[in-house]
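A short write-up of the structure that comes next.
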Amino acid sequence: LEGGELKFTLGISKKELESGEGGYCTVLRRILLRGISKAIQSDDLGYEVRIARLSIAEVDDTSQVSVQFNLFGKHRNKQYNDLHRDIKTINRALSQAVDSGEMSLLIAASTSEETAWSANLRNRMLEEILFEADGSEFPVIPDDMEGEEEEEEE
């Protein structure tokens, strides 16, 4: 299943974000993966989150980060109605996590757990993420639900 896309801006250089063990963005991918997984409670729903694409563009003194992620079912025997329900549940959880600032807090918590970056870089990343949370600049674009309005019961 297509999960969605998160976009945000950090005052950290692309080179620093790409640093750490494993090379190109391995550490950043791990941080985002943990944060997104916890935000949508993917394990509870029986899904594994995987980063499909991570891009970083440097603009002036900032890095614009875009991460697209997909969800893979741990149980292959799900019926169509169950999948559709899961998609709605995941999109609702994702939207709530972003709107409430929980996504930023979970990514910050994931950053603080990471040991492959220096303490200085971790602290700067935490500062940037928490600054983003104050400005609510963590938009989410659910790929598989674009243009589709959710029906609400009255």
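Just so you know, residue 1 is the first one in the sequence shown, and it goes up from there.
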Worksheet entry | Set of residues satisfying side chain to side chain donor-acceptor pair (under 3.5 Å) with respect to R122, sequence neighbours excluded | none
Item to complete: May I ask you to decide if K14's main-chain N or O and E58's side chain share a donor-acceptor pair within less than 3.5 Å?
Response: yes
Fill in: With sequence neighbours excluded, residues passing side chain to side chain contact (heavy atoms under 4.5 Å, CB included) with K38
L106, E113
Practice prompt. Can you sort out the partners of E102 under side chain to side chain donor-acceptor pair (under 3.5 Å), two or more places apart, ordered by chain and number?
Written response: none
Worksheet, complete the sentence: Separation between CD (E16) and CE (M125), nearest 0.5 Å, reads 11.0 Å
Practice prompt. First locate atom CZ of R124, then atom OG of S118, and finally report the distance between them rounded to the nearest 0.5 Å.
Written response: 8.0 Å
Practice prompt. Please report the closest heavy-atom contact between A39 and A97, naming both atoms and the distance.
Written response: CB-CB, 3.8 Å
Item to complete: Indicate the atoms forming the closest heavy-atom contact of L33 with V49, along with that distance.
Response: CD1-O, 2.9 Å
Worksheet, complete the sentence: Hits for side chain to side chain donor-acceptor pair (under 3.5 Å) against S112, two or more places apart or cross-chain, chain-then-number order -> none
Worksheet item: If every non-hydrogen atom of V67 is compared with every non-hydrogen atom of L54, which pair is closest and at what distance?
Response: CB-CD1, 3.8 Å
Worksheet item: How would you list, by chain and number, every residue that makes a side chain to side chain contact (heavy atoms under 4.5 Å, CB included) with T62, sequence neighbours excluded?
Response: T9, V59
Worksheet item: Roughly how far, to the nearest 0.5 Å, is the OG1 atom of T111 from the CG atom of L32?
Response: 7.5 Å
Worksheet item: Which atom pair, heavy atoms only, marks the closest approach of A93 to I40?
Response: CB-CA, 4.1 Å
Discussion item. Please check this pair: side chain of E128 against backbone of G11, looking for a donor-acceptor N/O pair closer than 3.5 Å.
Written reply: yes
Discussion item. Please find the pair of heavy atoms, one from I31 and one from W117, that lie closest to each other, and give the distance.
Written reply: CD1-CZ3, 3.5 Å
Discussion item. Let me confirm one number: the CZ-CD distance from F69 to E5, rounded to the nearest 0.5 Å.
Written reply: 9.5 Å
Discussion item. Has S66 got a side-chain atom pairing as donor or acceptor with S55's backbone, closer than 3.5 angstrom?
Written reply: no
Worksheet item: Atom CD1 in I12, atom CG in L28: separation rounded to 0.5 Å?
Response: 9.0 Å
Discussion item. I need the L126 CG to S110 OG distance, nearest 0.5 Å.
Written reply: 10.0 Å
Worksheet entry | For I56 against C25, the heavy-atom pair lying closest together | CD1-SG, 3.6 Å
Worksheet item: What residues form a side chain to side chain donor-acceptor pair (under 3.5 Å) with E114, not counting sequence neighbours?
Response: R30, R34
Practice prompt. Go through L121 and V27 one step at a time and tell me if the side chain to side chain contact (heavy atoms under 4.5 Å, CB included) criterion holds.
Written response: CA-CA 11 Å; L121 182 54; V27 177; over 6 Å; no
